[in-house]
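Notes follow the structure.
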Amino acid sequence: MNEIARQPKLLKDYAPPPYLIEEVELDFMLAPRAARVASKLRIRPNPKVATGGRPLVLDGEGLALESVALDGKALTPSDYELKEGSLTIPRAPAHPFTLELVTYCDPETNTALSGLYLSRGTYCTQCEPEGFRRITFFLDRPDVLAVYTVRIEAEREVAPILLSNGNPVAHGDIPGTGRHFAVWHDPFPKPSYLFALVGGRLAKVPDRFVTVSGREVDLAIYVEPGKEDRCAWAMESLKRAMRWDEERFGREYDLDVFNIVAVSDFNMGAMENKGLNIFNDKLVLARPDTASDADYASIEGVIAHEYFHNWSGDRVTCRDWFQLCLKEGLTVFRDQEFTGDTRSAPVERIAAVRMLKTHQFPEDAGPLAHAVRPASYIEINNFYTATVYEKGAEVCRMLQTLLGREGFRKGLDLYFERHDGEAVTVEDFVEAMADVSGRDLSQFMLWYTQSGTPELACSLDYDPHAKTARLSVSQVVPPTPGQTKKEPMLIPLKMGLIGANGDELPLKLDGKGVVNDGLLEITGREQVFEFRDIPSPPTPSLLRGFSAPVRLTVSLDPEQIEFLMRHDKDAFNRWQAAQTYATNLLTAASREGGDLSRVTGKEALRLAQALGQTAGDSSLEAAYRAEFLKLPSESDIARELARNVDTDAVRAARESLRRTIAGEIGSSLAELYEAIAPQGPYSPDPESTGVRALRGAALDLLVATGKPSALARAERHYREATNMTDAISALAILSHLDAPARDEALAHFYARWQDEPLVLDKWFAVQARAARSDSVETVRALLSHPKFSLKNPNRVRALIGSFVHGNPTGFNRADGAGFELLAEQAYEIDRFNPHVAARLLGAFESWRILEPVRQGRAKAVLEALARRQLSTDSYEIVTKTLGPS
Ligand code: BES
Ligand code: ZN
């Protein structure tokens with residue numbers, strides 16, 4: 001392995017490029033084994049850098065170089081240096097010049113799916129973050145922005161559709177050859193990572209959008225022929241996202257066309273290439289019988305996300321990859337706001353916080369912890385993390401909370417106006433926010449530079465004589481790898497005080513008037529707030545709407561938490577109270593080997609009653625009620641335990657609580673289940689989706705009673721399902737059981753869907769996630785199933801990904817069999833697709849919270865893996881996960 005590739009890159013070493021590339025002409029001749037790429041680059045020395053004949057070093061990987069010419073004059077090998085990874089022209093001119101290159105790359109053997117590759121016969125590209133260098137030699141860095149003109153030529157039979165970024169300018173046949181061409185021009189300067197090309201035999205689903213200022217945009221979704229009937233939802237979502245971005249953020253689309261292409265082999269979810277988004281087909285294709293409500297929701301969210309990048313990412317991009325949160329955190333924040341406005345704001349907030357706590361909190365607490373803007377990385381592909389994305393979105397949300405919606409909007413407007421067409425930094429973004437608000441945001445910058453989840457401890461003391469309530473707040477940011485000393489952060493703490501009758505009390509701060517919007521700003525390590533005119537002991541509701549990505553501890557007794565779960569007017573905190581109540585029981589029981597009866601008598605029953613009451617409250621949205629019926633997950637419990645985790649005990653505790661709750665409120669759940677049975681054809685609208693979620697959650701709990709009537713109901717739910725949502729929720733419920741009904745349903749599902757890859761992925765995933773003691777063996781057997789392939793990332797994620805990320809008890813099995821399975825499969829995948837392998841290996845990140853036996857097994861497996869030949873990607877994950885020895 002190349003040791004240079006393993007040297008960390010540092011933010012502080014950033015230097016502007018010595019040369020700029022301002023115009024690019026690319027000419028592609030598509031062929032499976034040798035795609036010819038002729039490029040013509042208009043280059044000039046960067047005026048901001050004292051160049052003086054500095055060498056021009058172009059990035060390039062896996063390319064065959066045919067020719068180089070400078071200002072029309074062919075160069076000979078003695079005029080340049082060619083090594084793996086770069087092409088250097090030592091004596092490049094100190095004036096503007098043209099460089100012409102002809103290279104070849106090999107799409108067919110490109111198994112890493114980065115650069116130009118073939119997916120089921122379709123040529124497509126993935127260039128972010130460093131894939132363009134696998135297409136041609138270039139300054140493959142985001143601060144080099146160029147205007148691209150692209151000509152693509154191919155056999156018409158093989159690739160009747162030829163697409164690239166921007167607007168179409170020409171196309172035609174090359175007579176007598178069976179070949180044809182298309183020319184595209186993108187007027188907006190962009191970095192190479194936003195380049196895209198597609199060539200293939202694809203079906204086009206067209207539509208139109210007229211922007212707020214009257215620009216007519218041709219929209220199209222390209223899919224494999226035969227899949228045209230699965231594009232309607234994606235198209236509808238796109239048009240809603242385009243309108244929403246105009247209305248909410250004043251962002252209008254800027255080209256004549258907007259194209260989306262769906263491909264079957266894709267490392268990620270989707271990619272925001274200017275004017276030509278490329279998607280994993282699972283995030284485009286939906287029909288009621290093939291896609292679940294969850295799929296519809298992710299399609300809507302991801303279509304919006306990639307579209308929103310047109311401004312937050314494409315028009316204003318990142319100076320370097322350390323600034324990734326600038327586009328990703330902001331765009332996740334924007335897509336969350338879109339979903340909140342489109343569906344239910346509280347349910348969307350719950351989903352976002354669940355995601356943050358499940359993925360980002362463990363990352364921040366483990367060996368891979370890094371700041372929202374990391375200071376160093378080895379392989380940038382490993383930094384598309386929950387911290388950059390999810391915590392990055394929270395940081396934007398906190399700015400909106402601190403500045404107010406209007407203030408934040410003004411800040412964003414200024415940011416886009418000031419930096420249109422530029423590659424910028426986090427400082428530029430925060431400066432725009434500071435300028436419009438007149439605020440000093442220097443302490444806020446710590447959210448970008450300090451890693452670790454701040455711990456906020458709060459307690460409330462009531463003085464019955466003075467009628468005051470004192471809120472004491474303290475914050476600690478825990479040490480993380482490479483960051484031992486931390487400064488206190490600026491934490492927006494939204495709160496309320498609730499009187500005995502459930503009313504909100506006005507928050508009158510001694511000497512400072514009434515607290516605006518219930519928002520306190522915590523800035524020090526210790527702070528006290530004294531509220532006056534409080535007639536009787538209040539219950540505090542803290543961190544409303546999850547106003548900051550912190551771990552909150554409040555000293556509340558179970559009665560107070562129960563009070564909040566019944567009365568809190570903040571919908572998020574009301575749900576959070578129920579989760580906290582359950583988590584307290586579950587962690588206590590887990591510490592007792594999973595024996596719930598040793599830690600609770602009446603609490604579990606009180607919880608059951610409160611949940612039953614909320615679930616049955618038809619004044620609340622169905623989707624929100626469904627959230628109450630979902631108990632904290634096994635990984636939620638493990639995270640709260642934080643050390644000495646025995647995953648079998650965790651599962652036992654959770655199952656036991658489910659049984660208790662179901663025993664207590666089973667009959668009302670059964671009634672609810674029957675009462676809300678939907679009528680009429682499937683519709684993916686938020687209301688119907690909520691009802692299906694509520695029914696599914698009720699059914700899931702009911703089956704925990706183990707009663708034959710409940711099993712029969714689950715079987716019927718599967719049999720009578722008229723859409724994928726009902727079918728897959730019933731199949732998931734049955735998959736955990738040791739009953740013939742499980743095998744029958746799985747066999748039925750397979751027989752029906754074996755030729756539909758995206759649906760068959762669900763069949764693999766459901767089995768990998770099943771809460772059964774033989775799940776390692778099940779997964780192992782499925783690895784040799786004729787329909788399994790390591791080469792397709794969706795299939796790998798469905799089986800191996802679902803197991804290692806979605807089945808903590810199976811993966812962390814005490815004998816280490818789960819760890820061995822992952823190490824061995826990731827190693828195989830690493831040889832041809834490092835990106836996918838490294839992502840799977842992320843499942844080891846929490847090995848240190850396990851009890852000693854499991855820890856020992858995980859460590860041994862990781863150490864053995866570290867001794868093998870690994871890609872840079874996997875090497876970084878494995879060695880950092882192991883930590884200093
Ligand atoms: N820019 C990314 C895609 C990407 C990620 C490219 C990593 C290269 C490496 C895209 O905008 C994105 O964030 N996609 C997400 C989905 C999104 C809704 C969070 C993805 O692909 O998972
Ligand atoms: Zn993104």
Side-chain angles (χ1 to χ4, degrees), residues 112-115 117 124-134 140 142 190-196 234 237-238 241 245 260-263 265-284 294-318 321 323-339 342 348 351-352 355-356 359-360 372 374 377 379-394 396 793-794 797 801 805 833-840 842 873:
L113 312 185
S114 156
Y117 66 94
C124 62
T125 55
Q126 171 56 40
C127 292
E128 188 181 359
E130 297 181 334
F132 192 71
R133 64 188 63 185
R134 295 162 59 94
D140 192 12
K190 65 167 176 290
S192 51
Y193 82 87
L194 289 172
F195 167 81
S237 302
L238 172 63
D245 213 16
I260 289 177
V261 177
V263 298
D265 301 278
F266 203 70
N267 280 348
M268 299 294 296
M271 178 64 208
E272 71 265 26
N273 319 299
K274 181 82 186 183
L276 177 54
N277 289 1
I278 298 182
F279 271 64
N280 186 322
D281 58 359
K282 82 168 186 217
L283 290 164
V284 172
D295 297 325
Y296 277 82
S298 5
I299 290 168
E300 179 182 85
V302 181
I303 292 263
H305 176 99
E306 306 309 339
Y307 173 72
F308 296 155
H309 269 313
N310 189 58
W311 276 94
S312 46
D314 297 4
R315 288 286 286 261
V316 179
T317 195
C318 304
W321 293 119
Q323 322 293 328
L324 184 58
C325 66
L326 192 62
K327 73 178 181 79
E328 294 303 348
L330 176 57
T331 306
V332 171
F333 168 72
R334 276 151 52 69
D335 82 55
Q336 289 175 351
E337 289 290 272
F338 168 71
T339 311
T342 308
E348 168 58 13
M355 177 89 151
L356 182 81
H359 301 288
Q360 201 276 326
V372 168
Y377 62 78
E379 171 54 60
I380 183 55
N381 260 307
N382 287 332
F383 279 78
Y384 288 75
T385 62
T387 298
V388 169
Y389 275 66
E390 266 61 53
K391 191 173 180 179
E394 293 299 321
C396 294
N794 284 355
R797 280 185 290 255
H805 294 293
N833 190 336
H835 187 195
V836 167
R839 291 213 147 234
L840 290 175
D873 305 51

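None of these values were measured; they are calculated from a predicted model. Indexing begins at 1, ligand by ligand and atom by atom, following the structure's order. What you see below is based on every heavy atom in this structure, not just the backbone, and it leaves out hydrogens, waters and symmetry mates.
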Between the side chains of Thr317 and Tyr193, is a donor N or O closer than 3.5 angstrom to an acceptor N or O? yes
Evaluate Phe279 against Phe266 for ring pair (Phe, Tyr, Trp, His ring centres under 6.0 Å), listing each step before the verdict. CA-CA 8 Å; Phe279 271 64; Phe266 203 70; 8.1 Å; no
So what's ligand 1 close to, N/O to N/O, under 3.5 Å?
residue  : atom   : partner : partner atom : Å
ligand 1 : 1 (N)  : Glu128  : OE1          : 2.6
ligand 1 : 1 (N)  : Glu272  : OE1          : 2.6
ligand 1 : 1 (N)  : Glu272  : OE2          : 3.4
ligand 1 : 1 (N)  : Lys327  : NZ           : 3.4
ligand 1 : 1 (N)  : Glu328  : OE2          : 2.9
ligand 1 : 11 (O) : Glu272  : OE1          : 2.9
ligand 1 : 11 (O) : His305  : NE2          : 3.2
ligand 1 : 11 (O) : Glu306  : OE1          : 2.7
ligand 1 : 11 (O) : Glu306  : OE2          : 3.2
ligand 1 : 11 (O) : His309  : NE2          : 2.9
ligand 1 : 13 (O) : His305  : NE2          : 3.2
ligand 1 : 13 (O) : Glu328  : OE1          : 3.1
ligand 1 : 13 (O) : Tyr389  : OH           : 2.7
ligand 1 : 14 (N) : Ala270  : O            : 3.4
ligand 1 : 14 (N) : Glu306  : OE2          : 3.1
ligand 1 : 21 (O) : Gly269  : N            : 2.6
ligand 1 : 21 (O) : Ala270  : N            : 3.2

Asp265: side-chain contact (heavy atoms from CB on, under 4.5 Å) partners, not counting sequence neighbours: Leu113, Tyr117, Ser119, Arg120, Asn792, Pro793
Closest heavy-atom contact between Ile303 and Ile260? CD1-CD1, 3.8 Å
Rounded to the nearest 10 degrees, what's the angle OE2 of Glu328 makes with NE2 of His305 at the Zn ion (ligand 2)? Could you check? 160°
Using distance alone, with no hydrogens and no angle criterion, decide if His309 and Glu328 have a side-chain donor and acceptor under 3.5 Å apart. yes
If we only count heavy atoms from C-beta on, is the Gln323 to Val388 side-chain gap below 4.5 Å? no
